[in-house]
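Shown next, in structure tokens, is the structure this report addresses.
Quick note on labels: first sequence line is chain A, next is B, and so on, each numbered from 1. In this text the structure is predicted, and so the values were computed from the model without any measurement.
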Amino acid sequence: MMRSLWLAAVLACLTVISVAHAVNLETYKFDDPQKEALFRELIDEIRCPKCQNQTIGDSDAALAKDLRDRTYLMVQQGASKQEVVDYMVARYGDFAYYRPPMKLSTLVLWLGPVLVIVIGAGVIFVRVRARNNAEVEMSEQEQQQLDALRAGKQQDKSS
Amino acid sequence: MAQRSRLRWVVLALPLLAFLWLTIFLLRGLFSDPTELSSALVGKPVPQFELPDIYDTQKIHTESVLQGRPMLMNVWATWCPTCRAEHEYLNKLAAQDVYIVGLNYKDDSRAKAVNWLNTLGDPYQVNLFDERGMVAIDFGVYGAPETFLINAEGEVVYRHVGDVNERVWNNVLGPQYERLMADYTAAGGTP
């Protein structure tokens with residue numbers, strides 16, 4: 001009982017903290033729920049250029065607010081997702097978007113994980129094959145031991 | 001047998017090479033300044049805008065004030081301590097006939113900004129007043145101070161983030177500005 005009370009208290013604190021950190025989005029009013037959904041999606045995918053690792057929906061920085069306002073304005077005027085993203089990337093570069101485009105300079109981001117898996121699989125494959133191909137040579141003593149064991153097993157089965 | 005051992009070397013060397021490459025890649029990231037973003041605008045013309053003059057808001061400037069000759073555009077505000085630190089050096093550059101346009105970025109009040117220019121000196125040939133920072137967004141500005149180097153065609157050549165001081169001018173901005181000026185005067189422009 002005591003433990004669950006504690007847990008509830010800790011959870012309550014965490015909730016309060018996260019609410020205190022969240023940016024106030026109440027001021028952005030939408031008549032069209034589709035536009036609102038697009039706005040929410042965009043502010044979670046556009047990075048605040050001023051901050052090291054926050055989206056514009058997450059940051060309290062003045063610039064993040066300006067970019068939220070601009071996103072709101074564009075969405076209200078009927079801009080598509082790609083149009084807003086293009087607008088931001090044209091001004092702040094690929095840095096502004098959390099989904100980097102496929103380019104020569106970002107190829108490592110896209111292919112790196114696949115490359116690691118391919119190398120790993122290759123190493124395992126070569127090693128397993130090498131082990132299977134290796135001829136195991138036993139000494140005479142080992143051969144006798146093996147025969148004895150096999151014979152013993154045979155006896156177990158027959159008895 | 002010789003072939004097998006060669007294959008073994010290749011298999012062993014591949015992860016090692018990948019590891020070394022990744023080490024160099026990450027090590028470089030460790031020493032790079034994450035706040036130094038290259039401008040997406042480099043090589044492109046300055047964006048179109050209409051902004052009032054800071055002294056006289058009836059007077060409207062357009063992007064044409066950033067065309068026609070090589071110049072610097074300095075983004076500043078009175079709330080920015082680094083701007084104060086670089087202001088003295090900008091005065092010095094202006095005294096050496098370096099052409100600088102000022103973009104006042106989201107200042108607390110116009111009166112404060114004008115007071116700053118009146119008391120600390122005005123190194124700017126033109127003073128743009130961007131009260132809400134909307135033109136600054138078009139320039140990809142994310143803080144102050146920032147300084148853009150613009151050529152005679154009105155294209156952004158370089159963007160410097162942080163204060164302009166003697167070291168930055170002598171090593172980075174100055175040589176590029178001088179080169180643009182040389183091209184400009186060779187083409188018959190008057191400094």
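Classified by interplanar angle (parallel below 30°, tilted 30° to 60°, perpendicular above 60°), the ring pair B:H87/B:Y124 is perpendicular.
For A:V116, no part lies under 4.5 angstrom from a heavy atom of chain B. Proximity to chain B (any heavy atom under 4.5 Å) is shown, for A:A96, by neither the backbone nor the side chain.
With respect to the salt-bridge test (charged N to carboxylate O, under 4.0 angstrom), the residues A:E36 and A:K29 do not qualify.
The candidate with the highest count of non-hydrogen atom pairs below 4.5 Å against chain A, out of B:L14, B:V141, B:I137, is B:I137.
At distances below 3.5 Å, at least one donor-acceptor pair connects side-chain atoms of A:R68 with backbone N or O atoms of A:S59.
Distance OH/B:Y55 to CZ/B:R110: 10.5 Å, rounded to 0.5 Å.
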